[in-house]
Amino acid sequence: MRIGVIGGGAWGTALAQVAARGGQPVTLWAREPEVVAAINDARENTTFLKGAALSDSIHATGDLADLAYHDALLVVAPAQHVRAVLAAAPVGATPLVLCAKGIEAGTRLLVGEVARAVAPSAPVAVLSGPTFAHEVAAGKPTAVTLACADPGLRDRLAARLASPAFRPYASDDVVGAEIGGAVKNVLAIACGVVEGAGLGQNARAALIARGFAEMTRFGLARGARAETLAGLSGLGDLVLTCSSTSSRNFSLGVGLGQGRSAAELMADRRTVAEGAHTAPVLREAAAAANVDMPVVAAVCDLLGGAAAAAVVERLLARPLRAE
Ligand SMILES: NC(=O)c1ccc[n+]([C@@H]2O[C@H](COP(=O)([O-])OP(=O)(O)OC[C@H]3O[C@@H](n4cnc5c(N)ncnc54)[C@H](O)[C@@H]3O)[C@@H](O)[C@H]2O)c1
Ligand SMILES: O=P(O)(O)OC[C@H](O)CO
């Protein structure tokens, strides 16, 4: 299976390294000429994944046309850019493995729904789970959900990407795998706020559990299965991202909790904190589905400039209710 990767950020680069195992050729499209040059000349993505030595069998390109005639394309552009990049790529009926975590602003579509709109002939799969790119690139043990409605395609992709350190678990719940990854980014911002404001470990654990309840309510309303949300792509990723400053979303929340503004924290950054883009559209989607998501609403308020103390006070003052 000849693999192409769309997106030369940290995760696209780490996944190219996974796919290049054993010297298999991989084409990696990156938007930035300096990323293409650094990978081809120095075998390192010094912009987005500094310190990871990359396989000689990864060929980086700045030309999307070079992704033609591949057997599967891993789509690893940030969620808000997937539509534009896919529209310009030679997709046709090539299977797409969606690896971005988010919901498209304006349309409220999951990335898989965007892919189906742009490339209706392409079968889709979703790869998602607790996966810090730098750990995957370093060959540390990692497990992911690989969801696809077609079991034959899913098994071929799993066999192609699996290694002793990278273990895909099969699912047919594409929507569930996507919702976990999109929602956990927003909840990670909330957990970062708890850290930044010094609210303690009890509060963080409470947020993870109550955030997971929100993820589950929203997921079930959108047709996801509860066991998918409780798996690697949901709860697994939620726990990872809510626990570490390696997470860009968690780190953004830490800054907000310390009283800095979202605008200041997001200015000039080249890396993506997907939760900041997903939060407002998730709040809209939850309202449209009549799903209560108070933690997500609180994150929206914080991103909009509300003071952390006031937002926390409002959350805690909600009427008591059954768990
Ligand atoms: N980094 C991780 O550990 C990790 C792990 C799993 C999933 N993801 C997901 O992968 C996706 C990509 O994140 P990343 O961490 O690789 O990115 P990154 O933060 O390392 O890099 C930013 C990326 O955004 C791209 N970009 C910026 N503006 C763009 C535009 N106008 N059009 C197209 N692309 C543009 C850049 O080219 C670059 O590839 C996100 O949805 C993220 O949630 C990341
Ligand atoms: O750095 P984050 O917050 O985008 O998280 C990266 C991955 O999604 C973790 O699974």
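As the structure lists them, so they are numbered: ligands from 1, and atoms in each ligand from 1. All figures in this text were calculated on a predicted structure; none of them were measured in a lab.
- For ligand 2, the atoms lying closer than 4.0 Å to a non-hydrogen atom of L240 are 9 (C), 10 (O).
- In this structure, a donor-acceptor pair under 3.5 Å is present between the side chains of D237 and T241.
- Using a distance-only test at 3.5 Å, with no hydrogens or angles considered, a donor-acceptor pair links the side chain of R217 to the main chain of D292.
- Ligand 2 places these atoms under 4.0 Å from at least one heavy atom of P130: 10 (O).
- Here CG of L28 is found 9.5 Å from CG of L74. Values are rounded to the nearest 0.5 Å.
- Distance check: I103 CD1 to E284 CD gives 10.0 Å after rounding to the nearest 0.5 Å.
- At the shortest separation from atom 1 (O) of ligand 2 among protein heavy atoms lies R248 NE, 2.5 Å.
- Side-chain atoms of H70 and T27 form a donor-acceptor pair, as typed in the model, at a separation below 3.5 Å.
- Residue contacts with ligand 2 for N249 involve both N, CA, C or O and side-chain atoms from C-beta outward (heavy atoms, distance under 4.0 Å).
- Of the inter-residue distances, the one linking K184 atom NZ with I189 atom CD1 reads 10.0 Å to the nearest 0.5 angstrom.
- In this structure, the side chain of Q258 does not engage the main chain of A197 through any donor-acceptor pair within 3.5 Å.
- Listed by number with element, the atoms of ligand 2 under 4.0 Å from a non-hydrogen atom of K101 are 7 (C), 8 (O), 9 (C), 10 (O).
- If you take OG1 on T271 and CZ on F48, they are separated by 8.0 Å, rounding to the nearest 0.5 Å.
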For T47 and E34, what are the C-alpha separation, side-chain angles and deciding distance, and is it a side-chain contact (heavy atoms from CB on, under 4.5 Å)? CA-CA 8 Å; T47 307; E34 65 274 22; 4.0 Å; yes

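- Listed as neighbours of ligand 1 are G8, G9, A10, W11, G12, R31, E32, F48, V76, P78, H81, V85, C99, A100, K101, T131, F132, A133, R248, R270, T271, V272, E274, each bearing a heavy atom under 4.0 Å from the ligand.
- At least one N or O atom of K184, backbone or side chain, sits closer than 3.5 Å to an N or O atom of ligand 2.
- Counting the atoms of ligand 2 from 1 in the order shown, those under 4.0 Å from a heavy atom of G129 are 10 (O).
- When non-hydrogen atoms are compared, ligand 2 lies under 4.0 Å from the side chain of D237 (C-beta onward) but not from its backbone.
- The proximity of S247 to ligand 2, defined as any non-hydrogen pair under 4.0 Å, involves the side chain as well as the backbone.
- The environment of CZ in R167 is sparse: at most 12 heavy-atom neighbours from other residues, nucleotides or ligands sit within 6.0 Å.
- Backbone and side-chain nitrogen or oxygen atoms of V272 are examined, and none is located within less than 3.5 angstrom of a nitrogen or oxygen of ligand 2.
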Run R43 and I58 through side-chain contact (heavy atoms from CB on, under 4.5 Å) and show every step you take. CA-CA 8 Å; R43 301 281 113 213; I58 299 173; 4.0 Å; yes

